[in-house]
Amino acid sequence: MKVAVLVKQVPRTDKIKIDKESGTLIRKGVESILNPYCEYGLDLAVSLKKKYGIIEEITAFTMGPPGAELVLRRSIALGADKGVLLSDKAFSGADCWATAYTLSCGLKTMGNPKLIICGKQAIDGDTAQVPGEISEISGMPVLPYVLDILELTEEKIVVVSEFENGTVTLETSLPAVVTVGSGSNIRRIPSVNDVLKAYESEIVVLDKTKAGCNDTDIGLKGSPTRVVKIEPAFSKGDCEMFDDGNFNEGFEKIKVFLMENNDEEN
Amino acid sequence: MSEMNRGIVAVCETDGNEKLKNVSFEIISEGKRLADITGEKVTAVVMAEKKPELSDIYACGADEIVFVRKVSSLLYDIESESWLASKVIEKIKPSVVLFGATDYGRILAPKVAAICRCGITADCTSFEINENKKLVQIRPALGGNILAHIISPHTMPQMASVRPSVLKKMKTEKEVTGHFVEVSFDIPENRKKVKELKRESFEANDDDKIENGRIIVAAGSGVTSRETLQLMNNFAKLIGGVSGCSRKLVESGWMPHSKQVGQSGKTVSPDIYIAIGISGASQHLAGMKTSGKIIAVNNDADADIFSVADIGFVMDGNLWLKEMMKFLENRQNNG
Ligand SMILES: Cc1cc2nc3c(=O)[nH]c(=O)nc-3n(C[C@H](O)[C@H](O)[C@H](O)COP(=O)(O)OP(=O)(O)OC[C@H]3O[C@@H](n4cnc5c(N)ncnc54)[C@H](O)[C@@H]3O)c2cc1C
Ligand SMILES: Cc1cc2nc3c(=O)[nH]c(=O)nc-3n(C[C@H](O)[C@H](O)[C@H](O)COP(=O)(O)OP(=O)(O)OC[C@H]3O[C@@H](n4cnc5c(N)ncnc54)[C@H](O)[C@@H]3O)c2cc1C
């Protein structure tokens, strides 16, 4: 069977700082990486391929500008067999729905993979909405927040999914979409050979025509939502500081908070 | 298109014991606040095996309750409930639909949105109504570094999920009631493809859940010994709080994932949040920034956690805990 892993290129959001004076984002020098949750998904696909003989091919898909090709090469270095880049000026400004639609079109051109693995969420847009929309648009069930895959055959899959209050073991027929919410936090380092192979691999590039997209369903035009304003998240910036010398003064303040809290409860 | 859609729908979620989750009351209350501005009515949609306790739902501002009796026994029946919700929405034709952004809500909502072919704004922390009567949906993004204002200019309904514990549950003490309808639909076969084989809960008891804590004391990797962690747990108990942690302590196996605060853990908004040895990475801040009072203890004066704190202590976490316990005990003894 064919497996698709959807990978997204994202900025390292943990390195983004806010300029305290101007209140703007400092994105300069912030590197682009493969979204960590997508990397967990890729790791899962690679381990499945090793474990079950039935996976013929893992294809990494991304929608993005031409430079997003880099995350496909990284995916190949980490064990994907090939990469597909959905790239077209007309895709820009896509919200979750238009992104999900475009990716679904791309998946169709690959002869409909049986298993579509997504990250739980991308750390830039942070919405976690794309996989659910892909599952609807492609008419497949979705199994979210997968920790482990217990069984995989040509017909079905059994997974353990983690929700905030516990885990559930779920079974469904294929094709299906799964999302991956955790994995090893140690980023794998591919061998030199794998990196070289990845740089020599051919990346399939699909524009809107090759992907078979409706003009009205892609990019900004196809997007039901609009970002109308962006502001830096507030920071209070007026923290009262204490140290080894005067902590008791600080404790007095905490005591007041604790007392206020008790009053509210009673 | 848009002229026809009216009303605000809150899609509620029940827990394993068929009780409505807190976040459901929060979205009903927020729906009521918005409805008072736009002059619409609020409908709470409850999909559950048993009829819910109605009075609490009305007391938070619902004018109407639509109850859809669940037939499957799946705890998270994503496929059929997304379809059911879309059917109810098709009937009501509301202008706004709100979901709780729990793990379940975050996968249910995009499916409903895709069926209705409308927009979905995830994890909102506040809402406004703009001059064109559109819903402005405000949400954090980029690991909590920014707030984005989002609208759905051309499509209906305007759909959003709302972070738990951020908006307030507003309950009137007055005896209120409203309209109640029970509806049922035959779920199509292709919505029954998922089976639940096993269910395991890892919540100990209600008192220990961080999402219920009005005071949370959280440890980061600056808590470097088990002894300090134990001290922190004792301190939390002493002040009537619950303990939480950063992701690093989950990774090291010192704390369970159910205690993790942040982007890949839980969002909390207690009255008091005390962070000990936490650097304040944006992914952590994303889960606790809206807390009432934030107190931070860190031996590095430049730690980012201080940028969101009200009171900061530049000192060793272990020493701070010992001194703080001493201080509180003295207070108790001296009345
Ligand atoms: C500040 C800001 C806020 C936004 N808020 C919203 C909003 O509330 N609603 C909305 O509809 N749009 C929103 N958008 C647009 C949205 O971020 C983009 O549509 C984005 O392409 C997909 O969303 P995400 O990054 O949140 O992905 P998520 O849904 O979080 O991604 C989950 C998984 O889907 C797959 N995936 C997602 N995007 C791609 C891709 N391009 N290529 C390959 N795989 C992918 C990956 O496997 C990924 O791990 C926002 C954009 C910005 C800048
Ligand atoms: C996709 C993604 C999702 C994530 N999700 C989350 C999440 O949900 N929650 C989360 O917390 N993190 C999350 N993270 C990780 C996050 O980026 C940080 O790595 C993490 O929050 C750091 O934890 P920390 O503050 O405990 O550790 P550190 O960053 O190592 O900070 C330790 C702090 O302790 C201080 N310290 C050291 N010794 C002492 C002492 N003796 N006394 C007092 N202070 C001391 C140090 O000065 C330092 O500031 C996520 C990351 C990614 C990429």
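A note on names: the letters A, B, ... follow the listed sequences, proteins ahead of strands, and every chain is numbered from 1.
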Review point. Does any heavy atom of chain B fall under 4.5 Å from the side chain of A:Glu252, the backbone, both, or neither of them?
Key: both
Review point. Quick check: does any side chain N or O of B:Lys266 sit under 3.5 Å from a backbone N or O of B:Ser258, one acting as donor and the other as acceptor?
Key: yes
Exercise for review: Below 4.5 Å from any heavy atom of chain A, which atoms of B:Glu323 appear? Answer side chain, backbone, both or neither.
Suggested key: both
Review point. Under a 4.5 Å heavy-atom cut-off, does chain A meet the side chain of B:Leu108, its backbone, both or neither?
Key: neither
Practice item. Could you tell me which portion of B:Ile78 (side chain, backbone, both or neither) has an atom closer than 4.5 angstrom to a non-hydrogen atom of chain A? Key: side chain
**Study point:** Max heavy-atom pair count under 4.5 Å with chain A, selected residue of B:Leu74, B:Ile115, B:Ile150, B:Asp103
**Key:** B:Asp103
Review point. Is it true that a side-chain atom of B:Ser291 and a backbone atom of B:Lys293 form a donor plus acceptor pair closer than 3.5 Å?
Key: no
Point to revise | Side-chain donor/acceptor of A:Gln129 to backbone N/O of B:Arg106, under 3.5 Å | key: yes
Review point. Quick one: what part of B:Gln158 sits under 4.5 Å from any heavy atom of chain A, side chain, backbone, both or neither?
Key: neither
Check your understanding: At what distance, to the nearest 0.5 angstrom, does NZ of A:Lys253 lie from CZ of A:Phe257?
Key -> 8.0 Å
Revision key, fill the gap. One option among B:Pro140, B:Ala148, B:Ala113 has the most heavy-atom pairs under 4.5 Å with chain A, and it is B:Ala148
Check your understanding: Considering only heavy atoms, which portion of A:Phe247 lies under 4.5 Å from any heavy atom of chain B: side chain, backbone, both, or neither?
Key -> both
Point to revise | Residues B:Arg191 and B:Glu189 bridged, charged N to O under 4.0 Å | key: no
Exercise for review: Counting only heavy atoms closer than 4.5 Å, note whether A:Val10 contacts chain B via side chain, backbone, both or neither.
Suggested key: neither
Exercise for review: Identify which part of B:Ile151 has an atom lying under 4.5 Å from any heavy atom of chain A, answering side chain, backbone, both or neither.
Suggested key: both
Point to revise | B:Leu285 versus chain A, the contacting section by heavy-atom distance below 4.5 Å | key: neither
Review point. Would you call A:Glu154 and A:Lys114 a salt bridge, using N to O less than 4.0 angstrom?
Key: yes
Revision key, fill the gap. So, the part of A:Lys156 with a heavy atom under 4.5 Å from chain B: the answer is neither
Review point. So which part of B:Ser82 gets closer than 4.5 Å to some heavy atom of chain A, the side chain, the backbone, both or neither?
Key: side chain
Check your understanding: Top residue by heavy-atom pair count (under 4.5 Å) with chain B, among A:Lys120, A:Arg226, A:Met140, A:Gln121?
Key -> A:Arg226
**Study point:** Salt bridge present between A:Asp217 and B:Arg117 (N-O < 4.0 angstrom)
**Key:** yes
Study note, to complete from the structure: Under 4.5 Å to a heavy atom of chain B? For A:Ile134 that would be neither
Point to revise | Option that, when pairs with chain A are counted at under 4.5 Å, heavy atom only, ranks first among B:Gly119, B:Ala286, B:Ala101 | key: B:Gly119
Point to revise | Winner by heavy-atom pair count (cut-off under 4.5 Å) against chain A, out of B:Gln137, B:Gln263, B:Lys198 | key: B:Lys198
Practice item. Compute the ring centroids of B:Trp320 and B:Phe327, then answer whether they are less than 6.0 Å apart. Key: no
Review point. Taking the six-membered ring for Trp, is the centroid-to-centroid distance between B:Tyr76 and A:Tyr145 below 6.0 Å?
Key: no
**Study point:** Interchain contact, B:Lys326 with chain A, by part (heavy-atom threshold 4.5 Å)
**Key:** neither
Point to revise | For chain A, the option from B:Thr125, B:Val194, B:Asn190 that forms the most heavy-atom pairs under 4.5 Å | key: B:Val194
**Study point:** Where B:Ser161 and B:Ile120 come nearest, the two heavy atoms and their spacing
**Key:** N-CD1, 4.2 Å
Exercise for review: Could you tell me whether B:Glu81 and B:Lys111 make a salt bridge, using a distance below 4.0 angstrom between a side-chain N and a carboxylate O?
Suggested key: no
**Study point:** Residue A:Tyr101 versus chain B: region with a heavy atom under 4.5 Å
**Key:** neither
Review point. Between A:Val142, A:Asn246, A:Asp95, which shows the greatest number of heavy-atom pairs under 4.5 Å with chain B?
Key: A:Val142
**Study point:** Electrostatic pair B:Arg214-B:Asp271, nearest N-O below 4.0 angstrom
**Key:** yes
**Study point:** Engaged part of B:Ile272 at the chain A interface, taking heavy atoms whose separation is under 4.5 Å
**Key:** side chain
Point to revise | Pairwise distance CG(B:Leu142) to CG(B:Leu147) - rounded to 0.5 angstrom | key: 11.0 Å
Exercise for review: Check for a donor-acceptor pair, side chain of B:Glu196 on one end and backbone N or O of B:Leu75 on the other, with a separation under 3.5 Å.
Suggested key: yes
Revision key, fill the gap. Among A:Ile137, A:Val158, A:Thr127, A:Val227, the residue with the most heavy-atom pairs under 4.5 Å to chain B is A:Thr127
Practice item. Determine the option with the most heavy-atom pairs under 4.5 angstrom with chain B, choosing from A:Gly125, A:Ala98, A:Cys96. Key: A:Gly125
